[in-house]
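Taking it in order: structure first as structure tokens, then the write-up.
Values in this document were obtained by computation on a predicted structure and should not be read as measured data. Lettering of chains follows the sequences in order, A, B, ..., and the numbering in each one begins at 1.
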Amino acid sequence: MSAPTWTPAVRRLGAFEAHRMLRHPAYPIAMLYILTWAGTLLVNHQGGTPANGAYMVVSSSLLLVYAPVTFVVTNRVAAATHRSRVREVLDSVPVDVRQRTLGAIVGLMRGPVVVGLAGAALLLVLGRFVTALTPVAGDRVYQRTVLEYLQVPAIVLGAGLLGIAVARWLPWPGMLPLTTLVLWFGTMATYFPFTAVSQSGGPEVVHARTWLSLWPVWYASDQGMLPRQPLGQEMWHLSYLLGLGTLAGFAALLRAGGPRRALFVTAGAVVAVTAAAAWLQLG
Amino acid sequence: MTDIRLTAVSKSYGRRRVLNAISLEAGAGLLGLLGPNGAGKTTLLRILATVAEADSGGVHLLGQDAADPLPRVDIRRGLGYVPQETGFPSGFTAFEYVDYVAILKEMTDRRTRHDEVRRVLAVMGLSQVARRRIRRLSGGMKRRLVIAQALLGNPRLLVLDEPTVSLDPEQRLRFRDTISALAEDRCVVVSTHQTEDVAAFCPRVVVLHEGQVRFDGAPRQLADAATGRVWIADRRDPGARLAWRTGDGPLRQVGTPPPGARLVQPLLEDGYLLLVDAAEPSAEVTNR
């Protein structure tokens, strides 16, 4: 019999880890980049109307900057307390490595994911605001549903969980940039079929495979926006994203030792749901 | 009450047997652990700290079996551990590091925990640098920081692996004072290469060599084992196994004295040297 995984100490640890993540120096650097970019757009009068530009800045900052940086941040935070010489002290305390991994996951959800949720809410409001103030129909951004906007924090959650999983499974130097490259090229491979069609000047057609990695599609047209996902499919894409992220979380917990049967059973169910969601979103 | 009960504990790394059927009992008080490099001290302390598991034998700590997962968590609730070598998570201040360990020691109430963190930092003289990043602390301060985290929650069992490394003489004396006071009502195991530390504040010493207990008793008994075998002379005598020049001038020699030699009162280190040297006849330390 093993000790319970979820304890008040894990909850408290989650608050501590959230604080560590949000204070990580990668975020201010990313923010500086975003501000510089936004300033450039403003000075050069790019991005359509100011409201349209603001929408683009917020949405692309969340998806193209904040989510990848969250991957790096959670990886660094989870890895910092997992190195062998650091662990020598930590392995002699009541809260074990699985609970510490769970603490990092809770920290992710209490910190970076909350910011992602706030960003999604801001996008929702901004989207309405933009449409109302943009008289020329061609400049209007395409309105998205709540389920589509919720894909933003879902991607942040998935990126963060993947960062923690990489910290647990690949704790060696150089693994973080290598994993980043693999993710980058993997996304490009999914994205490529759509880009080819778009650059040909033909009608904007979304290749079926692109829906597996939908977020680049948001920025694939000249205005930075594409038509919404077909109605009824955004829920499946959200489920698919959440499923992928949850599987990364399971992977991190599986590496942390302790009883695994319940984890394997739950992970199996999540694999089934994620595969079904992936299939359904392809229509 | 017996806080430590080891029964025929063995541990191997690959083919190398590091601990060989060690049995040991200890209750409240200070126990000094001496031994040459590779004697198995750190492995023994890691087992006592529940960081490593024995291959065979029984390990009972604070009245519970350390091999069972649930009792092991209970043991850890009453344990403080200072490893021989420690790294620190990057970006932490001294306060944050101890606070982090305090959370892992299940101190969930924020105010109580912070009071406790401030207390242990004050005990180790680190209050002034509590908000300083760990990477900016000196080696001695980092060592005291590791000791500070071990004191969190007044543990019933303290396992300290070479805690005085990097400490300056004043800090070492302060450390002796702190640990001696703590050992009044709890079990403290201290491993060290500093025989003077053991002689100064440990009522009991265990000498470990090649994975076995070679001596278990009072420091005075270990020193007395060298009675009649320590002498001083101006030149190195043929019977000296070990000899070194003292600050006063003559050579202090340990071994088989010549007739009429000027015998002196042996120290703990003399007994220790003879004990270890007897096991390794080829070893010879000279400083003529």
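- When heavy atoms are compared at a cutoff of 4.5 Å, B:Arg72 does not approach chain A at all.
- Your options are B:Leu104, B:Thr108, B:Ile103, and the one with the most heavy-atom pairs under 4.5 Å with chain A is B:Leu104.
- Of the residues considered (A:His24, A:His19, A:Arg100, A:Arg20), A:Arg20 shows the highest number of contacts with chain B, using heavy-atom pairs under 4.5 Å.
- A salt bridge is defined here as a Lys NZ or Arg NE, NH1 or NH2 lying under 4.0 Å from an Asp or Glu carboxylate O, and B:Asp3 with B:Arg186 fails to meet this definition.
- Of the two parts of A:Arg11, neither the backbone nor the side chain holds a non-hydrogen atom closer than 4.5 Å to a non-hydrogen atom of chain B.
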Check your understanding: Going through the checks in order, is the side chain to side chain contact (heavy atoms under 4.5 Å, CB included) test met by B:Glu116 and B:Val120?
Key -> CA-CA 6 Å; B:Glu116 177 64 0; B:Val120 296; 3.9 Å; yes
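- A salt bridge is absent between B:Asp177 and B:Arg174; no separation between the charged side-chain nitrogens and carboxylate oxygens falls under 4.0 Å.
- Heavy-atom pairs under 4.5 Å with chain B peak, among A:Arg87, A:Arg76, A:Arg23, A:His82, at A:Arg23.
- Using bins of under 30°, 30° to 60° and over 60° for the plane-to-plane angle, the ring pair A:Tyr66/A:Tyr27 lands in the parallel bin.
- A salt bridge is absent between B:Asp161 and B:Lys41; no separation between the charged side-chain nitrogens and carboxylate oxygens falls under 4.0 Å.
- For B:Phe92, the part sitting under 4.5 Å from any heavy atom of chain A is the side chain, from C-beta outward, and nothing else.
- The pair B:Glu96-B:Arg131 fails the salt-bridge criterion, with no side-chain N (NZ, NE, NH1 or NH2) lying under 4.0 Å from an Asp/Glu carboxylate O.
- Interface check for chain B: of the options A:Thr7, A:Val10, A:Val77, A:Val95, the most heavy-atom pairs under 4.5 Å are formed by A:Val95.
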